**Q** 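Below: one structure in structure tokens.
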Number of protein chains: 2
Amino acid sequence: MPKFFVPAEAIQANEIVLTAQNAAHANVLRLRPGEEVIACDGCGTDYRCTVSTVQADRVCLTVREAVPSCSEPCVRASIYMAYAKADKLEHVIQKATELGAYEIVAFPSDRCVSRPDDKSLAKKLERWQKIAASAAEQSGRGTVPQVVTLSSFRAAVARALQAELAVNFYENEHARTFSAALADGLPHTVSLMTGPEGGYTEAEVAYAAAQGMQTCTLGRRILRCETAPLCALSALMYACGEF
Amino acid sequence: MPKFFVPAEAIQANEIVLTAQNAAHANVLRLRPGEEVIACDGCGTDYRCTVSTVQADRVCLTVREAVPSCSEPCVRASIYMAYAKADKLEHVIQKATELGAYEIVAFPSDRCVSRPDDKSLAKKLERWQKIAASAAEQSGRGTVPQVVTLSSFRAAVARALQAELAVNFYENEHARTFSAALADGLPHTVSLMTGPEGGYTEAEVAYAAAQGMQTCTLGRRILRCETAPLCALSALMYACGEF
């Protein structure tokens with residue numbers, strides 16, 4: 001069933017009006033009066049609706065019932081990904097949203113080959129947030145993950161440590177496993193941090209560990225920078241009983 | 001350290017000669033005499049070597065020692081993926097190889113929007129196998145996963161059932177989890193099957209279940225056809241103690 005995220009002001013007692021991109025999307029889907037759709041406030045409530053009228057720039061929905069979104073995972077997973085080439089970061093934003101990430105945080109690190117300048121960042125952030133919104137709709141999420149950018153590796157470590165469990169995945173860590181890090185009881189909030197194309201410097205890994213992050217392996221194979229966060233997130237969701 | 005898969009005939013007692021694409025790749029990497037590389041027979045043995053001479057079409061390596069590849073997972077995971085648009089299948093071949101898949105099997109199903117004809121299949125299979133080989137080298141695998149194509153969904157189900165555990169992931173399955181399927185003891189061989197862009201038909205899911213495959217969920221979010229197999233594979237590797 002098609003799903004649309006709508007701003008709070010679009011939600012009236014018994015009616016929701018799709019405008020702008022939502023209306024355009026509804027027209028692309030060739031929605032007709034009588035069809036069923038879901039409108040979601042992006043804050044955990046799904047509105048089950050019936051299409052009442054369709055115009056090019058305005059699609060009216062009649063609300064049948066409001067129900068809590070049931071598709072949000074029980075664990076809040078924050079993906080911390082060092083800046084990578086644009087298509088890789090966008091790939092991770094889309095896939096991490098599908099897989100249930102709470103937020104995606106991008107940050108620079110020493111060996112990043114790509115880092116946006118301040119001038120282009122606002123525009124890129126807008127684009128990244130749209131990718132997250134679109135993936136959230138397609139996968140039936142109850143919220144849209146926020147995409148956040150930070151200005152330094154140290155800021156990323158400090159923010160990641162606010163979660164109950166903060167893990168830094170490093171290809172030269174061979175002993176400590178992610179399952180060992182989860183063995184002390186499943187956390188409600190987790191930060192999963194991965195490095196750039198060129199890998200972390202040893203100094204970065206040492207700094208994150210000294211601050212309190214756990215350094216873990218993702219197995220004996222070298223994962224690409226866009227594969228590692230999605231592998232870790234999939235494993236976390238599995239470990240937390242999501243599937 | 002750079003890794004090259006070499007044919008058996010290239011491996012002499014104390015010398016390995018890189019030719020053709022391997023030699024070209026060594027030149028792209030600007031390897032110089034004295035540098036260390038790994039040559040792998042693709043059957044589980046790594047040869048630790050030192051570069052002795054470099055020419056455009058011929059790079060000679062001196063073998064220092066032969067050691068068993070330690071990067072192969074303990075579980076043999078076969079990925080069964082319904083044909084998807086070319087870029088999605090290629091994406092899964094690359095990523096599943098990184099994540100430790102034993103083989104990738106592509107098959108047609110009712111709602112596949114894309115299925116190659118016999119004429120183009122041989123050429124595509126060659127391309128897909130190259131993608132697997134390249135990903136195996138980059139991720140440090142000890143073997144190159146085979147890419148296999150089958151001509152029908154029924155053939156895929158029959159082949160998948162040869163594994164100790166054969167799971168079919170279906171977005172309309174909400175009760176049976178993958179962890180429940182793994183709860184009876186970790187298998188040595190597993191088939192992980194996922195559907196096409198448009199999803200399976202109910203008849204297909206019923207057929208696979210009647211033949212003996214377990215129908216499982218991958219969580220309450222709808223995953224794209226290229227996300228689902230990699231999510232399942234990541235979870236399996238985690239469950240089997242790989243990380």
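Computed from a prediction, not measured in an experiment: that's the story for all the values here. Letters go in sequence order (proteins before strands), and every chain restarts at 1.
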**Q** Taking the side chain as every heavy atom from C-beta outward, state whether B/Glu98 and A/Cys231 have any atom pair closer than 4.5 Å.
**A**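 Counting from C-beta outward, B/Glu98 and A/Cys231 never come under 4.5 Å.
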**Q** Does a sphere of radius 6.0 Å around NZ in B/Lys85 hold more than 12 heavy atoms from other residues, nucleotides or ligands, not counting ones at 6.0 Å or beyond?
**A**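 Atom NZ in B/Lys85 is not crowded, with 12 or fewer foreign heavy atoms closer than 6.0 Å.
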**Q** Is the B/Phe178 ring parallel, tilted or perpendicular to the A/Tyr238 ring (thresholds 30°, 60°)?
**A**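 Perpendicular, since the angle between the ring planes exceeds 60°.
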**Q** Should B/Arg220 and A/Glu72 count as an ion pair when the cut-off is N to O under 4.0 Å?
**A**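 Salt bridge: no.
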**Q** Return the option, out of B/Arg224, B/Met237, B/Glu242, with the maximum number of heavy-atom pairs under 4.5 Å with chain A.
**A**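 Of the candidates given, the most pairs with chain A belong to B/Arg224.
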**Q** Are A/Leu99 and B/Leu223 side-chain neighbours, meaning at least one heavy-atom pair lies under 4.5 Å?
**A**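 Counting from C-beta outward, A/Leu99 and B/Leu223 do come under 4.5 Å.
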**Q** Assess whether atom CD of B/Glu202 is packed by more than 12 heavy atoms of other residues, nucleotides or ligands within 6.0 Å.
**A**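 Check fails, neighbour count at 12 or below.
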**Q** Under a 4.5 Å cut-off applied to non-hydrogen side-chain atoms, are B/His91 and A/His91 in contact?
**A**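 With C-beta onward as the side chain, the pair touches.
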**Q** Check whether A/Arg141 reaches the backbone of B/Arg221 with its side chain - one donor and one acceptor, N or O, closer than 3.5 Å.
**A**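 Not at all, since once roles are kept as given, no pair shorter than 3.5 Å links the two residues.
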**Q** Please look at B/Arg176 and chain A and tell me whether the side chain, the backbone, both or neither of the residue comes under 4.5 angstrom of a heavy atom of that chain.
**A**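 No part of B/Arg176 comes within 4.5 Å of chain A.
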**Q** Near B/Arg127 CZ, under 6.0 Å, is it more than 12 heavy atoms from other residues, nucleotides or ligands?
**A**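 No - once you tally the heavy atoms of other residues, nucleotides and ligands closer than 6.0 Å, there are 12 at most.
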**Q** Could you give the distance from SG (A/Cys70) to NE2 (B/His174), rounded to the nearest 0.5 Å?
**A**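 Rounded to the nearest 0.5 Å, the SG-NE2 separation comes to 8.5 Å.
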**Q** So which of A/Thr217, A/Leu236, A/Leu218 has the largest heavy-atom pair count under 4.5 angstrom toward chain B?
**A**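 Among A/Thr217, A/Leu236, A/Leu218, the one with the most close pairs to chain B is A/Leu218.
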**Q** Counting only non-hydrogen atoms closer than 4.5 Å, does B/Cys216 touch chain A with its backbone (N, CA, C, O), its side chain (CB onward), both, or neither?
**A**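 Nothing of B/Cys216, per the 4.5 Å heavy-atom cut-off to chain A.
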**Q** With a cut-off of 6.0 Å (strictly less than), are more than 12 heavy atoms of other residues, nucleotides or ligands near CD of A/Gln21?
**A**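 It does not: A/Gln21 CD has 12 such atoms or fewer within range.
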**Q** In terms of heavy-atom contacts, does OH of A/Tyr102 have more than 12 from other residues, nucleotides or ligands at under 6.0 Å?
**A**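 Not buried by this count: 12 neighbours or fewer within 6.0 Å.
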**Q** Which answer fits B/Gln138, side chain, backbone, both or neither, if we ask what part of it has an atom under 4.5 Å from a heavy atom of chain A?
**A**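 Answer is both: backbone and side chain atoms of B/Gln138 are under 4.5 Å from chain A.
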**Q** Among B/Gly140, B/Ser179, B/Gly219, who wins on heavy-atom pairs under 4.5 Å with chain A?
**A**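 Maximum pair count with chain A is reached by B/Ser179.
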**Q** Under a 4.5 Å heavy-atom cutoff, which of B/Ala135, B/Ser71, B/Gly100 has the most pairs with chain A?
**A**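 If we count pairs closer than 4.5 Å to chain A, B/Ser71 comes out on top.
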